[in-house]
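Take a look at the structure below.
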Amino acid sequence: MISLINMIFNVLYYAIILEVVLSWVYANRTNQYIELLHKVTNPFLLPGRKIQERFFTNMMIDFSPLIAIFIITLLKRIVFGILVVLGI
């Protein structure tokens with residue numbers, strides 16, 4: 001069970017990295033796989049984009065992937081902390 005949860009967090013992490021790389025090389029083209037990638041990563045990227053729009057409006061660099069990776073890392077630590085407390 002722990003390895004499955006770890007794998008899910010790793011997939012989310014690498015999906016965000018892939019999203020960033022594809023935004024540099026595969027701009028303005030869509031297909032079903034990229035749409036699926038957007039659907040998976042957008043819930044994690046959206047809070048970072050809202051923070052950046054509110055506080056850093058004139059920045060040319062999108063920091064939402066860094067915030068998303070931070071959120072995923074924080075969630076992973078919380079989930080594994082709960083599992084340790086439960087003794088799983």
Side-chain angles (χ1 to χ4, degrees):
M1 173 146 168
I2 291 176
S3 62
L4 175 66
I5 295 171
N6 192 32
M7 185 177 66
I8 291 170
F9 281 112
N10 287 339
V11 166
L12 288 172
Y13 174 82
Y14 289 116
I16 290 172
I17 299 297
L18 183 63
E19 175 94 20
V20 170
V21 172
L22 286 177
S23 72
W24 296 335
V25 251
Y26 203 67
N28 296 328
R29 297 185 194 159
T30 59
N31 65 32
Q32 64 186 9
Y33 302 111
I34 292 177
E35 291 298 321
L36 177 65
L37 183 67
H38 289 317
K39 287 180 183 178
V40 169
T41 57
N42 272 343
F44 294 98
L45 294 173
L46 194 60
R49 288 183 180 143
K50 286 183 179 179
I51 290 170
Q52 189 167 349
E53 286 175 4
R54 183 170 181 161
F55 297 109
F56 309 107
T57 55
N58 295 329
M59 294 199 65
M60 299 276 299
I61 299 172
D62 183 15
F63 286 105
S64 62
L66 292 174
I67 296 170
I69 289 173
F70 175 74
I71 291 170
I72 289 172
T73 304
L74 185 65
L75 285 173
K76 184 177 179 180
R77 288 185 179 206
I78 290 170
V79 168
F80 281 118
I82 290 171
L83 291 176
V84 166
V85 168
L86 295 175
I88 297 176

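Heavy-atom basis, side chains included; hydrogens, waters and symmetry copies ignored.
- In this structure, Glu53 CD and Thr57 OG1 are separated by 9.5 Å, a value rounded to the nearest 0.5 Å.
- The CD1 atom of Ile67 lies 11.0 Å from the CG atom of Leu46; values are rounded to the nearest 0.5 Å.
- For Asn10, the side-chain hydrogen bond (donor to acceptor under 3.5 Å, both in side chains) criterion is met by no residue, not counting sequence neighbours.
- Side-chain contact between Val21 and Val25: present, with at least one pair of heavy atoms (C-beta onward) separated by less than 4.5 Å.
- Looking at Asn42 and Arg49, their side chains come closer than 4.5 Å, going by heavy atoms from C-beta outward.
- A donor-acceptor contact shorter than 3.5 Å links the side chain of Gln52 to the backbone of Ile61.
- Annotation: salt bridge (Lys or Arg N to Asp or Glu O under 4.0 Å) contacts involving residues 64-87, sequence neighbours excluded, are absent.
- To the nearest 0.5 Å, atom CD1 of residue Ile71 and atom CG of residue Leu74 are 8.5 Å apart.
- Inter-residue side-chain proximity for Phe80 and Ile5 is flagged as met; some heavy-atom pair is nearer than 4.5 Å.
- When side chains are defined from C-beta on, Leu12 does not count as touching Thr41, because their heavy atoms never get closer than 4.5 Å.
- Looking at Asn6, its side chain never comes within 3.5 Å of a backbone N or O of Ile2 through a donor-acceptor pair.
- Atom CZ of Phe70 is separated from atom OG1 of Thr73 by 8.0 Å, given to the nearest 0.5 angstrom.
- A heavy-atom distance below 4.5 Å is not found between the side chains of Tyr33 and Leu22.
- Remark: Tyr13 OH is loosely packed, at most 12 non-hydrogen atoms of other residues, nucleotides or ligands lying under 6.0 Å away.
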